[in-house]
Participant: 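This is the structure I want to talk about, given as structure tokens.
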Amino acid sequence: MSRRPTGTYRLQLRRGFGFAEAGELAGYLAALGVSHVYLSPILQATPGSAHGYDVVDHARISDDLGGEEGFRAMAARMRAHGLSIIVDVVPNHMAVPAPETLNRQFWDVMRQGPDSPYARWFDIDWSEGAVVVPVLGSPDDEPRPDGDVLRYHDHVFPREGRYRPAYWREPDLNYRRFFDISSLIGLRVEDPEVFDATHAVLLRLVDDGLIEGLRIDHPDGLADPRGYLRRLERPRGWVLVEKILTGDEPLPADWPCAGTTGYDALGMVGGLFVDPAGEKPLTEAYSALTGGPADFTEVERAARRFAADRILVPEVRRLTALLTRILPEEDPGALREVLVELLVAMPVYRAYMVPGEEPPAQALEIVAQAAAEARAVLPDGELLDKVIPLVLGLGGRDETRDEFVVRFQQTSAPMTAKGVEDTAFYRWSRLAALNEVGGDPARFAVSPEDFHAYCARIAADWPRTMTTLSTHDTKRQEDVRARLAVLSELPDEWVAAVGRWRSRAPESPLEPDLDYLMWQTIVGAWPLSPDRLREYLTKAMREAKTRTSWTDGDPAYEEAVLAHADAVLSDPTLTADVERFVRRIAPYARVNSLGQKLVQLAMPGVPDVYQGCELTGLSLVDPDNRRPVDYAHRRELLADLDAGTTPADLDGEKLLLTSRLLRLRERHPDWFDGPYEPVPATGSAAGHAVAFRRGGAVIVATRLAAGLERRGGWADTHLDLPGGPWHDVLTDQSYPSGLELSGVLRLLPVAVLIEAP
């Protein structure tokens, strides 16, 4: 019988931290209070992979991690400590490795082309009879014979085959990729044979009871996410989808899964601790300091269009070719323009249309919204009117029309990911805490009322969805965002500090937005080593794709940026001022860190703790957030807390809070599976409290602490709770009914209250 999930802990496996090392953590993770250990992908990836998403062999568990024997030993050790396992599944794509022989299915496809028994595995357009392999460093390069194969650096090819080695910038790729990564080729798991072959090992481990949950990576890349999930259904197990919801977008109600991996919750929780009063001054400051626009909308549209024109060229071209076959009388250039404008205007990652089915109401609404925006900029509305029914799968069916319906959806998702999260988010840094996966930089703050409404929906519809504050993909960890949220309460002090630092530093060669992002990054992740800042800025400027990029680099500009960063961090007077500012905001950042962690752990859904973030999490985007975690220190600190030691700093307070909440959820799962009930605060500072009841527990967190301090504290503010007396499981203090927040939140800015027996 599968264990009821009450809390998970994400581990990033890699060579040097495989199944044996994960198994050694079983005692610590059980003591922390989680029910499930949540593992990154475990199948055989490209040797040396740092993440596991580049699978080369679905038939075996990763040798780098310890193989199946190592996995089973780890699972036994976890089970001995009462822990279950959830595993990350990568159904959308597979690696094209170097050497190519590591992927035997793709190797055979290169040899035999569409005649290969594995041709059905990959989403390849065979119209030219060969698969394009973009690995050459120059258009004039070519592989050289070496015995039975051809070689090009680390690449190996058959002497004869149905492939064409091409320049790595080749625009005429003829296979679907994962986003714009040409070394990851799309899989056709909609084919039952491909599904069975790629899932056999994992589902065998599910049937053996060694895996009790599956986290599905990037379902929006699949031809039919709902159909995939239906095929995946087992008699038992907990299935989650890495689905990024936009705004108020709901998860499709007919998906047989428990919910998402929690990016929607991340945005809602973080927004609670951002002061809406800071929006106007921070927007004005951003425009004044950078010359950037006050609104994100046009930045987003320009970045989406950049993705269509420069990043996803093969995908848009293939989609246009399909549409041209359906509407041969129309100009292909005009058809491409219509498609691009529709893709740019999509308000969410994708709609969900299935060929042969009536489009759901949600899909009709999404496409109608995109069409209205596209119509405003297109010269030919009549052509748009011909395309819209085809996008929706209306007006007749054939193989080409069905493929167009599916491929439009498979293109709109990477358009959003690459255009918005991986481009626009690095071009508009009004408040970097908001530029997060699944977030919306234009939504400045979340009111308690909106948060309560969101939680009520989750409790009713998706009670076992996952919630999170940090993942392997977040652009900055939770406590970086918590610290930056304070800027919304102290905008004048922040702007003055940036002005001092910029005047002290050498003249900046950075683009203005990147310069402003750099100062936020330094403050948010402080203390920050030069190497970490250099690594982050390299990624940030290449992702922005304005002066340099991963594919079109400007080495002189990059060198100037990194030299400037080094100069900033090597100036002791300047860094001392940064240190003073970080100390100035630290008390408020502490309140945010503890408040958002408590809310995430106690709200509806199953909370995930990303590796290491039971203590202060100040890492930046990967690979910074995949650095080794000091578990010896965490074990020692948890043992001290369990022995009654009072936490000495934020690390101790956060670990105390995390362990006590996870353990409470384990002891009382029915409390946290049940309804969600807001608990109103009454008094002059009521807006600075967020409180709710989960069964027998009442959760209280402080928000907007700088404003609370300016107001003079809690004064007469209290919770209207009948019953009592109440006991705080965090501080071991008891309180009578009529809970005055000045007392309840005296020792910590958060409380977990249960009625004393």
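The figures that follow rest on heavy atoms only: side chains count, while hydrogens, waters and symmetry mates do not.
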Participant: Kindly say whether the aromatic ring centers of His199 and Tyr228 come within a distance under 6.0 Å.
Facilitator: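 Ring-ring flag for His199/Tyr228: true, centres closer than 6.0 Å.
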Participant: Taking the six-membered ring where the residue is Trp, are the ring centres of Phe178 and His218 under 6.0 Å apart?
Facilitator: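 Ring centres of His218 and Phe178 closer than 6.0 Å.
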Participant: Should the ring pair Tyr536 and Tyr426 be called parallel, tilted or perpendicular, given that the plane angle runs from 0 to 90° and is split at 30 and 60?
Facilitator: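 Tilted, since the angle between the ring planes falls between 30° and 60°.
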Participant: Does a side-chain heavy-atom distance below 4.5 Å link Trp255 with Pro252?
Facilitator: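 Result yes, sub-4.5 Å side-chain heavy-atom pair found.
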Participant: Can you find a side-chain donor-acceptor pair between Thr261 and Arg215 that sits under 3.5 Å?
Facilitator: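 Arg215 and Thr261 do not have a side-chain donor-acceptor pair below 3.5 Å.
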Participant: Compute the ring centroids of Phe106 and Phe122, then answer whether they are less than 6.0 Å apart.
Facilitator: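 Close enough - the centres of the two rings lie under 6.0 Å apart.
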Participant: Answer with yes or no whether the side chains of Asn435 and Arg481 bring together a donor and an acceptor at under 3.5 Å.
Facilitator: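 No, Asn435 and Arg481 have no side-chain donor paired with an acceptor closer than 3.5 Å.
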Participant: Quick one, Phe19 and Glu24 - any side-chain contact, counting heavy atoms below 4.5 Å?
Facilitator: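 The answer is no; the side chains never approach within 4.5 Å.
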Participant: Check whether the ring centres of Phe179 and His93 lie less than 6.0 Å apart, and answer yes or no.
Facilitator: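 No, too far apart.
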Participant: Does Arg694 make a cation-pi contact with Phe672, if we ask for NZ or CZ under 6.0 Å from the ring centre and within 45° of the axis?
Facilitator: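 Not flagged: Arg694 not positioned over aromatic ring of Phe672.
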Participant: For residues Thr658 and Glu614, is any side-chain donor paired with an opposing acceptor at under 3.5 Å?
Facilitator: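 On atom types as modelled, these side chains do not qualify, holding no pair under 3.5 Å.
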Participant: Cationic tip of Arg10 within the cone over Tyr610's six-membered ring, i.e. under 6.0 Å and within 45° of the normal?
Facilitator: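 Geometry flag: not set, cation outside 6.0 Å or 45°.
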Participant: Under a 3.5 Å threshold, yes or no: a donor from one side chain and an acceptor from the other, between Asp220 and Tyr352?
Facilitator: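 Judged by distance alone, the side chains do pair up.
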Participant: Determine whether the side chains of Tyr454 and Asp248 contain a donor N or O and an acceptor N or O closer than 3.5 Å.
Facilitator: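 No.
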Participant: Below 6.0 angstrom between ring centroids: does that apply to Tyr676 and Phe692?
Facilitator: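 Yes, close enough.
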Participant: Should Thr474 and Tyr263 be marked as a side chain to side chain donor-acceptor pair (under 3.5 Å) after you check the CA-CA gap, both sets of side-chain angles, and the distance that decides it?
Facilitator: CA-CA 9 Å; Thr474 44; Tyr263 288 115; over 6 Å; no
Participant: Between the side chains of Thr616 and Asp479, is a donor N or O closer than 3.5 angstrom to an acceptor N or O?
Facilitator: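 Per modelled atom types, Thr616 and Asp479 side chains form no pair under 3.5 Å.
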